[in-house]
Amino acid sequence: MDFLKDLNKSQLDAVTYNDGPSLVIAGAGSGKTRVLTYKIAYLLSQGVSPASILALTFTNKASREMRKRIGELVGYQNSRYLWMGTFHSIFARILRNEAEHIGYTKDFSIYDTTDSKSLIKSIIKELQLDDKIYRPGNIHSRISFAKNNLITASAYNQNTDIQQSDLRSRVPRTGEIFTIYTARCKQANAMDFDDLLLQTNLLFRDYPDILNKYQAVFGYILVDEYQDTNFAQYLIINKLAEQHERICVVGDDAQSIYSFRGANIDNILKFRNTYKNAELFKLEQNYRSTQNIVNAANSLIDKNADQIKKTIFSEKETGNLIRVSSVMTDFEEAFSVANSISELHKKEHYSYNDIAVLYRTNSQSRVMEEALRKQNIPYQIYGGLSFYQRKEIKDAIAYFRLVANNDDEEALKRIINYPARGIGNVTQDKLFSTAQLHQVSAWTVLQDMLKYNLDVNAGTATKLANFRNMIDVFTQQINTLNAYELAESIVKATGIISNALNDRSVEALSQMENVQELLKAIHEFSDMKKEEEGAELVTLPDFLSEVSLLTDQDTEKNDGKERVSMMTVHAAKGLEFKNVFIVGMEEQLFPSPYTESMREMEEERRLFYVAITRAEENCFISYSKSRFRNGQTNFANPSRFLKDINEEYLEYTDNTQFSPRSHSSYSDYDDIPDIRNRFRKTPFKSRATQSAPVQSPRKLTKISQKSSEKVVVENTNYPMGAFVKHKLFGIGKILETSIIDGNEKAEIDFGEKGVKSLLLKFAKLEILK
DNA sequence: TGTGGATGCCTTTTT
DNA sequence: GGCATCCACA
């Protein structure tokens, strides 16, 4: 137990207390992962069996990392049998073991968000509802929210509050959709992400024996990132820990940023209400960042009302101030960040690995990418469209899923006519409606088309039968052939690859490479399973059971090349970099324009807190006065959060006119600038010149050249000062009209919606008299 | 039945 | 700019 000497006093206390419930509040950079890994290592060294320790994390990456570190401390032999993984993967495993109790087979499919929405969409269609009103995404989040609060479809339909709320939102038949959705998932032998938690809860509720079994197995329960748990997760942990209460949760309320996914910050804030005898450990020393960074972050988070008070401090050097810079356009921002990165690399000799660019939304990555590429700076984007979300990969996996689980309707839908085999929309509609009529899966209908009176002509019936037989042959091999061989023969036989071969385009080539990459991943997966778990035969279902819960966070380029990391702030949680660039620090972007309540605003502030605290040595923040988004240029003000950081930790560089004044108070949130005030404050002239590309300072010729030629002209149809109405933005006032690249454009002030630059041919403006 | 073009829609964060 | 949908036409 030599290793315990690596810990400071509070870390040591937290690690060695294991007799009852404990809450570890771990400030950013305070060694949270260290406490968790050492605690497990400590338990193992005390003779606790690894198989009796349940350790839950939020990402696969985190759990792999921890397993590795524990292995280094106590040997890999010991760490192998730990129950360690993400909530979703651990409970998927348990559900597969117990599947028959709840009417599933152990090879159930896992529907991802796309599958769920697609199923909801078809139900909406079947009910002949308008998908403009019943928007699949919206309905999905309603259902998801309910499930995360353990409200089943029948409970949903009996709950008058929910009915009222659905009525107010003009989607009163959501409950009905929910009921059908549930039935269809079951019919398809599929669970969605939320089911993995909901069904676990139902299993434990309805089968006390099973609950007892797992209660007995898990003698020690540890939960990482506890601030991000939702009600369903809370309840599972709670039940499992009921008997022995040896539960340790670790988290930081200041880093709770997943409420949109149902995470409930109250779980951590009120942990000690649930466990009255819980010990509280606070880790307050930050080992990661310089004092300036820690102090700046503290002064920011101090503006939040809802939090567990703590005093995070650093004993590292004071360090550089946080540099805040303003630029004119998002292009300029990207180039100036790229320049700074070059300098850090060339002059200060930082590895590219020590640099990260963080942003609020994935769509911001494109400009950055362009700028880095032009400067030949290697980078890797995390998040965004992940490998497993690419079309060709989803297609291939849909085949695998259908082979493993013939009832998987979303998989079937996806590939029944891809590559094209003459089974068109008409036929598909007939197939699916026949299936629904008889309340069976589409596959069941395919097996006996005559019995179900499937109304298709002989030619079509043959095509359907051929398709069915092809899949059938693979299904028969599923438990005898190894994953790689089966996957390879599926890919070959189905023609996904030959389809790509026919067309020699760059896209097709890259699609082929991706499919090859997938096969390689299956191979590697099999090798790993054989090596780590001594499995003799790794089958395709084995692979599928893990792949559906993988995210791109887990696919890391591992070739040892140095790269700048680019990702959303959400994705950066838990990571650290010597140099961090936070870009797009603007109103309407960060905080997100979707922010409505004060609670949500506090979450945005925590998100900014997370961003700043990723930095070890240097933190650079930038904001732009205009940004090209959704096909138009929007003007923007600096984020209110900049004012929340104590000025003494900031250094404003270059052409910043904005100066930090008072802190933003909560009343600011509702403070919508009056339209007339706006006009007075910002005369049209200055705006017009501001948007001219010539204005951009410094050595930004490249971008300037890229910008288009703009000629200001008076447009008689849209005179300056006229009021117009836009479908989305409402009433606005014309500030200026111009021609850019032959397109007529107008700059219009929409008051609270901001100043927009719109192309007249698209904007469909209505002139108001 | 398949395909290409036009059109109209939205656009946060993710296990 | 991306994606789904619609429509005309092969």
Side-chain angles (χ1 to χ4, degrees), chain A residues 56-63 85-92 110-114 116-118 121 125 131-132 135-138 141 144 147-148 191-197 224-225 228-230 232-233 256-263 358-367 382-386 388-389 391 417-429 456-457 459-460 463 546 548-554 567-573 584 588-596 600 603-604 606-608 610-611 627-632 634 727-728 759 761-762 764:
Chain A
L56 297 165
T57 62
F58 268 79
T59 61
N60 294 296
K61 197 173 162 188
S63 82
T86 64
F87 276 90
H88 289 81
S89 66
I90 293 282
F91 296 122
I110 295 175
Y111 276 179
D112 67 14
T113 314
T114 319
S116 300
K117 282 190 202 158
S118 147
K121 193 173 177 182
K125 213 170 177 180
D131 65 0
K132 297 281 163 348
R135 299 219 312 281
N138 178 29
S141 40
S144 174
K147 283 180 157 186
N148 282 325
M191 295 204 195
D192 67 13
F193 283 143
D194 305 318
D195 278 328
L196 297 176
L197 305 174
D224 191 14
E225 309 280 15
D228 288 329
T229 51
N230 61 32
Q233 290 163 328
S256 160
I257 54 174
Y258 282 105
S259 75
F260 68 92
R261 219 169 65 196
L358 308 183
Y359 33 77
R360 177 73 236 286
T361 64
N362 276 310
S363 58
Q364 288 167 259
S365 65
R366 185 166 297 132
V367 224
Y382 294 80
L385 192 63
S386 85
Y388 290 101
Q389 281 173 5
K391 203 178 289 159
N417 199 32
Y418 182 84
R421 50 175 72 86
I423 303 172
N425 289 336
V426 180
T427 309
Q428 287 180 41
D429 285 349
V456 292
N457 64 41
T460 309
K463 287 174 186 163
E546 302 218 358
S548 34
L549 295 170
L550 281 186
T551 62
D552 59 290
Q553 308 286 330
D554 306 312
M567 64 190 93
T568 63
V569 183
H570 281 91
K573 198 175 72 162
Q588 299 299 310
L589 185 59
F590 202 168
S592 151
Y594 292 80
T595 312
E596 280 164 3
E600 287 171 334
E603 176 149 320
E604 292 285 317
R606 291 194 293 269
L607 192 57
F608 187 30
V610 168
R627 184 168 295 275
F628 189 76
R629 253 199 298 178
N630 316 331
Q632 42 180 242
N634 293 296
K727 223 160 111 192
L728 231 65
L759 284 177
K761 65 176 174 184
F762 294 136
K764 293 197 177 146

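First the proteins, then the strands, lettered A, B, ... as listed; each starts at 1.
Listed candidates were B:dT11, B:dT15, B:dT13. Nearest to the side chain of A:T361 is B:dT13. Comparing atom distances between the A:F260 side chain and each of B:dT15, B:dT11, B:dT13 picks out B:dT13 as nearest. Of the candidate nucleotides B:dT12, B:dT13, C:dG2, C:dG2 has the atom nearest to the side chain of A:R366.
The distance from atom CG of A:N425 to atom C1' of C:dC6 is 12 Å, rounded to the nearest whole Å. Whole-Å rounding puts the A:L56 CG to B:dT15 C1' distance at 13 Å. One can place NZ of A:K391 at 12 Å from P of C:dG2, the figure rounded to the nearest angstrom.
Both A:S363 and A:T427 lie near DNA chain B, and the one whose nearest nucleotide falls closer to the 5' end is A:T427.
Between the side chain of A:R261 and the base of B:dT13, no donor-acceptor pair of N or O atoms lies under 3.5 Å.
With respect to A:F590, the side-chain contact (heavy atoms from CB on, under 4.5 Å) criterion is satisfied by exactly one of A:L607, A:T361, A:T595: A:L607.
Within the 4.0 Å cut-off from OP1 or OP2 of B:dT13, not a single side-chain nitrogen or oxygen of A:S592 is found.
Residues A:T427 and A:N417 have side chains not in contact (no heavy-atom distance under 4.5 Å, counting atoms from C-beta outward).
Looking at every heavy atom in both residues, A:D228 comes nearest to A:S256 through OD1-CA, 3.6 Å.
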